[in-house]
Every structure is written in C-alpha cells, then in structure tokens.
Amino acid sequence: MVLIKEYRVCMPLTVEEYKIGQLYMIARHSLEQFDEGEGVEVMDNKPCEDPVHGKGQYTEKRIHLSSRLPYWIQAICPRVFYVTEKSWNYYPYTLTEYTCSFIPKLNVLIKTKYENNNGSTENCLDLSEEELKARSVDHVDIAFDEFSGKHYKREEDPKFFKSEKTNRGPLIEGWRETDTPIMCSYKVVLASFEVWGLQTKVEDFIQRGIRDILLLGHRQAFAWVDEWHGMTLEDVRAYERQKQAETNEKVQYNANPQVAKDNDAAANGSTTPTDGGDS
C-alpha cells in the first residue's frame, strides 16, 4: 500500500485571504530558495477547466535540487537533475503531481482542500475506507513545531511576529483553539517509490521533505502578510509573473553561463568575443 500522510496546517487567516497569500508566498519563496542554479523554473502557467471543479490555473515547473538530495540518492542521480511538478489549482481544491523522468517509479500525488476551521474535519478529502485505514494524520503547528535552524529568521517566527495591517500575532501556545480567524490546509500526500530495497527509505525521505516545506512555507505566508494583504488576484498574478521571470533567468544563467554572457553582450551591442577568439 502506498504511504498516505494527511497534513493539517492551520493559519490565522481566512480561506479567501490565503488564496492571495499562498500565491505570493510560492512566488517569493521560489526566488529566495534559488541557490547556484538550483531552484524552481516555471515551464507553463495558464488557465484550465475541470467538469467537476470548474475554472482554475494549471502550472508546470521544473524543480532543480540535485545537491539538496541525501548522498544515497545523489549517487544514482545525474548532476543535472530536476523533478517535474504539475499542478491544477481549482481553489479551494488543488491537485499536484511530482514525477521524475530519471526515476520513473517515483510518483508523489498531493490533494489539497482549504476550509475555515482549525483542522477538525475528519475526512475533508473524501478518502475511501481503505485509504482511511492506511492514512496517518499529522497536525503541523507553524508556531511551535521544531524548525530547521538554517532557515530560521526571527522576523518570520510566528511566536514573535505581529502584523501591523491585520493586528494578528504573535501566536501563543494553544492558538489553534482560541484565535480567529482560522483556516486549515488539508493535504493528503501519496508517495510511491516501488524499488526493492529503497522504497521505505525514499518514501520516508519524501514525506519528511514535504513536511519541512509545508512548515517553512506556511510560516512565511503569515510572516509576509503585511506585504500581500490587500492585494487583488490580478496584483498577485502580476507579482507571480515577475518573480517567475527572475527565477527562470537565474536558473538558465547558471545552467549555461557562457550562453547567457553571449546573449547579454549581444543585447548590449558588444561584438567582443568572450572565448578569447583566434590568436
């Protein structure tokens, strides 16, 4: 049976507010996490439609991350390594799939639904009886769960942050039971890696990585609330396009710096050869 984890991440926001905050956070986070050519490269971003969920937004991204993998995965991966993310956003429901052409037996499917409550819905994503038996639930606390030191910033710590625009925060122990407004992101993650001898290790690694990203991203979405609160959907889509262009440019520059330099030189009207020319 595929490993099924359900993460419930509460936020001191409404579902409508989070629609903007999530888009802002993903766009900014992708650029900030860029490191030496590794980051998120957006390949496609366009409207889509589903007979059940209605109109939405489809995105396809390449996530470059080879040096961030544990050594036992790096040993079998090529240096130029990326995971493909395909996402169908029919807010407040989203479906996201991760695959890798180099590792065809790797598949991660994430179903998400957002509700205005504190994580109290027992079967928000309508899992089958068999899936419910295999599911484990993990309540993620953005303020008090253990957090990676390398990403820690006091100004992004919900225990200390106070929003000037909304007057929300700092979050205190038990905030999920007392604070309003409150919403919950319900995420069911199905991770599958059907390779004998590595299946359990890889699936556990994937789930830990997803939990870490969820914790960081949701902390940042709240800590950045004064930057995105009040934005319209059109505003945040324009911001998203800007950040995607910046990130794509950095990824492409680091993947092929000589070509990028030649293009820059051509754009600036320079005819000086960059490879030394004939001597």
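No single ILVMFWY cluster, assembled from side-chain heavy atoms under 4.5 Å apart, contains both L132 and V137. Transitive grouping of hydrophobic side chains (ILVMFWY, heavy atoms separated by less than 4.5 Å) brings V9 and Y91 into a common cluster. Follow the hydrophobic side-chain contacts under 4.5 Å out from I26 and you reach L215 in the same cluster. Note: the hydrophobic cluster containing F160 also contains W175 (ILVMFWY, side chain heavy atoms under 4.5 Å, direct or indirect links). Side-chain heavy atoms closer than 4.5 Å link hydrophobic residues (I, L, V, M, F, W, Y) into clusters, and following such links, even through other members, never connects V188 to I213.
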Worksheet item: For L106 and I206, what are the C-alpha separation, side-chain angles and deciding distance, and is it a side chain to side chain contact (heavy atoms under 4.5 Å, CB included)?
Response: CA-CA 10 Å; L106 171 66; I206 291 169; 3.3 Å; yes
Item to complete: List the steps and the verdict of side chain to side chain contact (heavy atoms under 4.5 Å, CB included) for E177 and N118.
Response: CA-CA 7 Å; E177 305 300 324; N118 66 348; 3.6 Å; yes
Fill in: Verdict with supporting geometry, V225 and L13, side chain to side chain contact (heavy atoms under 4.5 Å, CB included)
CA-CA 9 Å; V225 64; L13 305 167; 4.3 Å; yes
Practice prompt. Please step through side chain to side chain contact (heavy atoms under 4.5 Å, CB included) for the pair K111 and Y93, ending with a clear verdict.
Written response: CA-CA 8 Å; K111 300 177 182 179; Y93 173 80; 4.1 Å; yes
Worksheet item: Between K61 and N45, is a side-chain hydrogen bond (donor to acceptor under 3.5 Å, both in side chains) present by the stated rule, with each step listed?
Response: CA-CA 9 Å; K61 303 175 183 178; N45 188 352; over 6 Å; no
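Neither side chain, S163 nor N167, offers a donor N or O lying under 3.5 Å from an acceptor on the other. A donor-acceptor contact under 3.5 angstrom links the side chains of E60 and Y58, judged on distance only. A side-chain donor from one of E246 and Q242 sits under 3.5 Å from a side-chain acceptor of the other. In this model, no donor atom of one side chain and acceptor atom of the other lie less than 3.5 Å apart for N107 and Y98. Between the side chains of Q244 and Y239, not a single donor N or O lies within less than 3.5 Å of an accepting N or O. Judged by distance alone, the side chains of W228 and D235 never bring a donor and an acceptor atom under 3.5 Å apart. Checked by atom type, the side-chain pair W224/E156 shows a donor-acceptor distance below 3.5 Å.
The structure places NE2 of H139 at 11.0 Å from CG of D145, a figure rounded to the nearest 0.5 Å. If you take CG on L171 and CZ on R219, they are separated by 10.0 Å, rounding to the nearest 0.5 Å. Between atom CG of residue L190 and atom CD1 of residue I4 there is a gap of 4.5 Å, rounded to the nearest 0.5 Å. The CG atom of L95 sits 7.5 Å away from the OG atom of S87 when rounded to the nearest 0.5 Å. A distance of 7.5 Å separates OG1 of T59 from CG of N89, quoted to the nearest 0.5 Å. Atom CD of E115 and atom OG of S120 lie 8.0 Å apart (nearest 0.5 Å).
Panel note: side chain K187, backbone T112; no donor-acceptor pair is recorded below 3.5 Å. Remark: the backbone N or O of G54 is not paired with any side-chain donor or acceptor of D50 at under 3.5 angstrom. Under the 3.5 Å distance criterion, the side-chain polar atoms of T14 are matched with a main-chain donor or acceptor of E17.
Outside the 6.0 Å centre-distance limit, the rings of Y114 and Y186 are not counted as a close aromatic pair. Taking the six-membered ring wherever Trp is involved, the centroid distance between the rings of Y18 and H218 falls below 6.0 Å.
Counting heavy atoms from C-beta outward, R237 and Q57 have side chains that approach closer than 4.5 Å. Contact of the E6 side chain with the S136 side chain is not registered, since no non-hydrogen atoms from C-beta on lie closer than 4.5 Å. Between F161 and P170, every side-chain heavy-atom pair lies at or beyond the 4.5 Å cut-off. In this structure, the side chains of K55 and Y90 stay at 4.5 Å or more apart for every pair of heavy atoms. Side-chain atoms of I20 and L233, non-hydrogen and from C-beta on, do get closer than 4.5 Å to each other. V108 places none of its side-chain heavy atoms less than 4.5 Å from the side chain of S192.
Closest approach of V140 to R176, counting heavy atoms only: O-NH1, 3.8 Å. When all heavy atoms of V236 and Y24 are compared, the closest pair comes out as CG2-N, 3.6 Å. Heavy atoms only, all atoms of each residue included: A191 and Q207 are closest at CB-NE2, 3.8 Å. The nearest pair of heavy atoms linking M183 to N116 is CB-OD1, 3.8 Å. Minimum interatomic distance between W88 and C48 (heavy atoms only, all atoms of both residues): CD1-SG, 4.2 Å. A pairwise comparison of heavy atoms in E240 and L23 identifies OE2-CD2, 3.8 Å as the closest pair.
Of the candidates I210, D212, L216, L214 forms a side chain to side chain contact (heavy atoms under 4.5 Å, CB included) with just one, namely I210. For the salt bridge (charged side-chain N to carboxylate O under 4.0 Å, His left out) with R135, the qualifying choice from E130, E122, E129 is E122, the only one to do so.
R28 has a carboxylate O that lies under 4.0 Å from a charged side-chain N of E227, or vice versa, which qualifies the two as a salt bridge. Under a 4.0 Å N-O distance rule, the pair D138/R8 does not qualify as a salt bridge.
A cation-pi arrangement is present between K159 and F144 under the rule of less than 6.0 angstrom and at most 45 degrees off the ring axis.
Atom NZ of K113 is surrounded by 12 or fewer heavy atoms from other residues, nucleotides or ligands within 6.0 Å.
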